[in-house]
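One is the number of the first residue; the rest follow in order along the sequence. Nothing here was measured: the structure is a model prediction, and the numbers come from that model.
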Amino acid sequence: IFFKSPSVSAPDGLEPVSLLAEEEYVLASSVAAPFETFRQFASFAKANPGKLNFASGGLGETYLIFEAFKKEHGLDIVSIEYKGAAPALIALMTNEVQLGYQPATIASSQARDGKMRMLAISGDARSPRYPDVPTFKEGGVNHARHRWYALYAPPKTPKAIVDRMNADIAAILATPEVAAKLAAVSMVPRSSKPGELRKLTEDSMREYTQMSKVIGYQPQN
């Protein structure tokens with residue numbers, strides 16, 4: 001998607017083993033921004049082209065999602081790239097930028113302290129942890145699924161080894177201790193069968209490729 005000649009092709013250059021976790025993330029805004037909800041943000045952005053800044057971490061899933069959203073809704077929002085999550089978070093809290101993506105636990109902590117607002121959250125349904133935060137889908141953003149993390153093995157790894165790793169991962173992720181540690185960083189444990197992970201990888205690649213076409217992104221060398 002991002003490079004003409006990636007060092008590893010997905011999924012053919014990998015052997016899917018299992019999903020590990022899914023991460024909730026939110027579109028957050030500065031408390032100084034002149035809107036308090038996602039719909040108010042979209043209306044303000046439409047009426048004020050070029051007046052809002054978005055903290056970008058560069059190439060990645062959230063870059064595609066936000067740029068595709070801007071394109072599909074005809075919004076002119078300036079993306080400013082930061083070197084890492086910490087500078088982007090500081091920029092958002094100080095109103096250097098008005099918008100940014102943040103893990104839900106970080107955003108909720110800052111929101112409780114009155115340092116930012118949570119405008120929308122990933123997922124098909126509202127999070128039980130943050131029931132007052134609408135989903136991106138409610139605001140017309142159709143691609144903002146949870147981020148997901150998975151384990152892959154080298155290609156042609158024997159099926160018996162893949163199946164053993166898959167079973168062990170499922171058992172580990174089912175423990176309360178792992179669930180608690182993942183919840184502390186906005187994640188929920190999520191195992192899968194190897195075939196399910198392969199399909200998810202293929203579906204995601206197709207979806208991201210389509211979004212890159214929407215925004216006119218040209219892969220780099």
Side-chain angles (χ1 to χ4, degrees), residues 1-27 57-66 68 84-85 101-109 118 120-131 133 135-137 141-212 217 219:
I1 295 170
F2 297 114
F3 302 98
K4 292 180 180 179
S5 301
S7 57
V8 177
S9 62
D12 296 333
L14 301 165
E15 194 68 46
V17 177
S18 175
L19 270 173
L20 298 175
E22 293 181 330
E23 179 185 25
E24 296 177 316
Y25 68 91
V26 303
L27 178 65
L59 298 180
E61 177 191 24
T62 54
Y63 168 85
L64 284 178
I65 292 170
F66 197 74
Y101 283 117
Q102 291 291 328
T105 48
I106 293 176
S108 64
S109 175
M118 300 170 67
I121 194 166
S122 60
D124 294 330
R126 293 200 181 195
S127 169
R129 286 181 287 276
Y130 316 106
V133 182
T135 64
F136 282 98
K137 283 189 175 182
V141 183
N142 298 316
H143 308 291
R145 68 177 73 187
H146 293 330
R147 288 173 178 164
W148 52 269
Y149 300 84
L151 178 68
Y152 297 83
K156 298 182 180 180
T157 297
K159 183 177 183 299
I161 295 177
V162 171
D163 290 344
R164 174 63 184 272
M165 287 193 295
N166 181 273
D168 289 346
I169 288 168
I172 292 169
L173 292 177
T175 63
E177 293 83 2
V178 169
K181 288 185 179 296
L182 289 173
V185 289
S186 300
M187 295 186 192
V188 293
R190 190 77 69 217
S191 62
S192 71
K193 295 299 183 183
E196 295 171 335
L197 175 56
R198 180 175 294 277
K199 183 177 185 304
L200 175 61
T201 305
E202 292 171 343
D203 289 348
S204 297
M205 294 293 290
R206 280 193 294 268
E207 184 178 23
Y208 297 158
T209 298
Q210 180 57 38
M211 281 192 282
S212 69
Y217 177 77

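- Rounding to the nearest 0.5 Å gives a distance of 7.0 Å between CD1 of I161 and CE of M165.
- In this structure, Y130 and A104 approach most closely via the heavy-atom pair CE1-CB, 3.6 Å.
- Between atom CG of residue L182 and atom CG of residue L173 there is a gap of 7.0 Å, rounded to the nearest 0.5 Å.
- Counting only residues at least two apart or in different chains, salt bridge (charged side-chain N to carboxylate O under 4.0 Å, His left out) contacts with residues 153-168 comprise K159-D163, R164-D168.
- The distance from atom CG of L200 to atom CD of E207, rounded to the nearest 0.5 Å, is 9.5 Å.
- Put simply, NZ on K193 and CG on L19 are 12.5 Å apart, with the number rounded to the nearest 0.5 Å.
- Residues satisfying the salt bridge (charged side-chain N to carboxylate O under 4.0 Å, His left out) criterion with K199, sequence neighbours excluded, are D203.
- Annotation: side chain of V26 is not in contact with side chain of Y101 (no heavy-atom distance under 4.5 Å).
- Y149 contributes atom OH, which lies 10.5 Å from atom CG of L20 (distance to the nearest 0.5 angstrom).
- The side-chain contact (heavy atoms from CB on, under 4.5 Å) search around S18 returns N166, I169, S191, S192, not counting sequence neighbours.
- Nearest heavy-atom pair across Q102 and I106 is OE1-CG2, 3.8 Å.
- Considering every non-hydrogen atom in both E23 and S122, the closest pair reads O-OG, 3.9 Å.
- Every salt bridge (charged side-chain N to carboxylate O under 4.0 Å, His left out) that K137 has, sequence neighbours left out, goes to D124.
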| task | Let me see the working for V162 and Y152 under side chain to side chain contact (heavy atoms under 4.5 Å, CB included), right down to the final yes or no. | result | CA-CA 9 Å; V162 171; Y152 297 83; over 6 Å; no
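- By the side-chain contact (heavy atoms from CB on, under 4.5 Å) test, I172 is found to be paired with V178, residues two or more places apart in sequence or in another chain being considered.
- Side-chain contact check for E24 versus I121: some heavy-atom pair is nearer than 4.5 Å.
- Applying the side-chain contact (heavy atoms from CB on, under 4.5 Å) test to E22 and every residue at least two apart in sequence or in another chain returns H146, W148, V188, R190.
- Under a 3.5 Å cut-off, the side chain of S109 and the backbone N or O of T105 do not form any donor-acceptor pair.
- Checking E15 against T157 by side-chain atom types alone, no donor-acceptor pair falls below 3.5 Å.
- When side chains are defined from C-beta on, Y25 does not count as touching P103, because their heavy atoms never get closer than 4.5 Å.
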